[in-house]
Amino acid sequence: MHRTILTGGLAALLFTAAATALPQADLVLVDKRAQRLYLYQGQRLLAAFPVAFGGQPQGHKQQEGDGRTPEGRYLLDDKKADSGYYKAIHISYPNAADRAAAAARGVSPGGQVMIHGQRNGFGWAAALTQRVNWTNGCIALRNADMQQVWQAVAPGTPIVIRP
């Protein structure tokens with residue numbers, strides 16, 4: 001009898017996890033003003049998540065260290081499971097226009113802009129950290145939300161980041 005209860009409980013848990021998995025997204029939209037990340041499949045909204053940005057969230061990223069999150073259209077080009085944060089998906093910033101604009105100003109455009117969860121070991125702090133813009137220009141989510149994004153997004157998915 002004990003074995004039946006464990007098996008039934010495990011089956012229910014697996015069914016619940018499978019039922020909450022999102023379909024594959026074909027667009028990620030980030031609205032900086034609303035502080036939300038949206039996953040779309042065609043015209044259908046799959047999910048929306050609250051996010052935090054860099055310490056200076058207004059305006060497009062101009063250079064390395066400015067604390068801004070880029071704005072515009074990019075690709076999610078790589079997934080990094082072994083990040084210093086709970087999973088990370090790389091955004092293809094800087095593009096050619098970003099590099100040219102930074103070169104014209106004599107500065108580095110920066111790079112390594114990611115969508116990621118909380119710093120490893122600090123997932124418990126998300127209730128506090130997600131209330132402020134704390135990254136160096138990345139887009140941060142709670143770990144549970146990052147897990148859903150991770151599963152729904154494949155490399156090559158476009159991301160649009162709006163002001």
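One-based numbering along the sequence shown. Since the structure is predicted, the reported quantities are computational estimates derived from the model, not experimental observations.
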- Please report the closest heavy-atom contact between L22 and L46, naming both atoms and the distance. CD2-O, 3.8 Å
- Message: Would you say Q118 and Q130 are linked by a side-chain donor-acceptor pair, where the criterion is simply a distance under 3.5 Å?
- Response: yes
- For residues G117 and M146, report the shortest heavy-atom separation together with the two atoms involved. N-CG, 3.6 Å
- Task: Mind checking side-chain contact (heavy atoms from CB on, under 4.5 Å) for Q112 and listing every partner two or more places apart, or none if nothing turns up?
- Result: H90, M114
- Query: Under the 3.5 angstrom rule, does the side chain of N136 hit a backbone N or O of G54 as a donor-acceptor pair?
  - Reply: no
- Where A126 and R142 come nearest, the two heavy atoms and their spacing: CB-CG, 3.8 Å
- Task: Taking atom CZ of R162 as the centre, report whether more than 12 heavy atoms of other residues, nucleotides or ligands fall under 6.0 Å from it.
- Result: no
- Query: Is a side-chain donor or acceptor of W124 paired with a backbone partner of G121 at a separation under 3.5 angstrom?
  - Reply: yes
- Does the side chain of S108 pick up a donor-acceptor pair with the side chain of Q63 at under 3.5 Å? no
- Near Q56 CD, under 6.0 Å, is it more than 12 heavy atoms from other residues, nucleotides or ligands? no
- Message: Would you compute the distance between atom CG of D26 and atom CZ of R44 and round it to the nearest 0.5 angstrom?
- Response: 10.5 Å
- Query: Quick check: does any side chain N or O of R105 sit under 3.5 Å from a backbone N or O of A101, one acting as donor and the other as acceptor?
  - Reply: yes
- Note on the structure: Residues V160 and R73: closest non-hydrogen pair is CG2-NH1, 3.3 Å
- Message: Is the shortest side-chain heavy-atom distance between P155 and D77 below 4.5 Å?
- Response: no
- Message: Which residue is it: I89, L37, L29, I115? I am looking for the one with a side chain to side chain contact (heavy atoms under 4.5 Å, CB included) to I159.
- Response: I115
- Message: Please determine whether a side-chain nitrogen of the Lys or Arg among K80 and D78 lies less than 4.0 Å from a carboxylate oxygen of the Asp or Glu.
- Response: no
- Query: Salt-bridged, D98 to K61, with N to O below 4.0 Å?
  - Reply: no
- Any sub-3.5 Å donor-acceptor pair from R68's side-chain atoms to G137's backbone N or O? no
- Item | K79 side-chain N/O to V153 backbone N/O, donor-acceptor pair under 3.5 Å | yes
- Query: Measuring from I161:CD1 to I139:CD1, what's the distance to the nearest 0.5 Å?
  - Reply: 4.0 Å
- Query: If only atom types and distance count, is the side chain of D66 paired as donor or acceptor with the main-chain N or O of Q62 below 3.5 Å?
  - Reply: yes
- Is the shortest distance from a Lys or Arg side-chain nitrogen in E71 or K32 to a carboxylate oxygen in the other one below 4.0 Å? yes
- Message: Exactly one of F122, W150, Y86 should register a side chain to side chain contact (heavy atoms under 4.5 Å, CB included) with N143. Which one does?
- Response: Y86
- Item | Worked check of side chain to side chain contact (heavy atoms under 4.5 Å, CB included) between T157 and L27 | CA-CA 6 Å; T157 302; L27 174 68; 5.6 Å; no
- Note on the structure: Minimal heavy-atom distance between P70 and Y93, with the atoms involved, is CB-CD1, 3.6 Å
- Item | Side chain T135, main chain F53, donor-acceptor under 3.5 Å | yes
- Considering all heavy atoms, the nearest Y85-R119 contact: OH-NH2, 2.7 Å
- Taking atom OH of Y74 and atom CD1 of I91, what is their separation to the nearest 0.5 Å? 9.0 Å
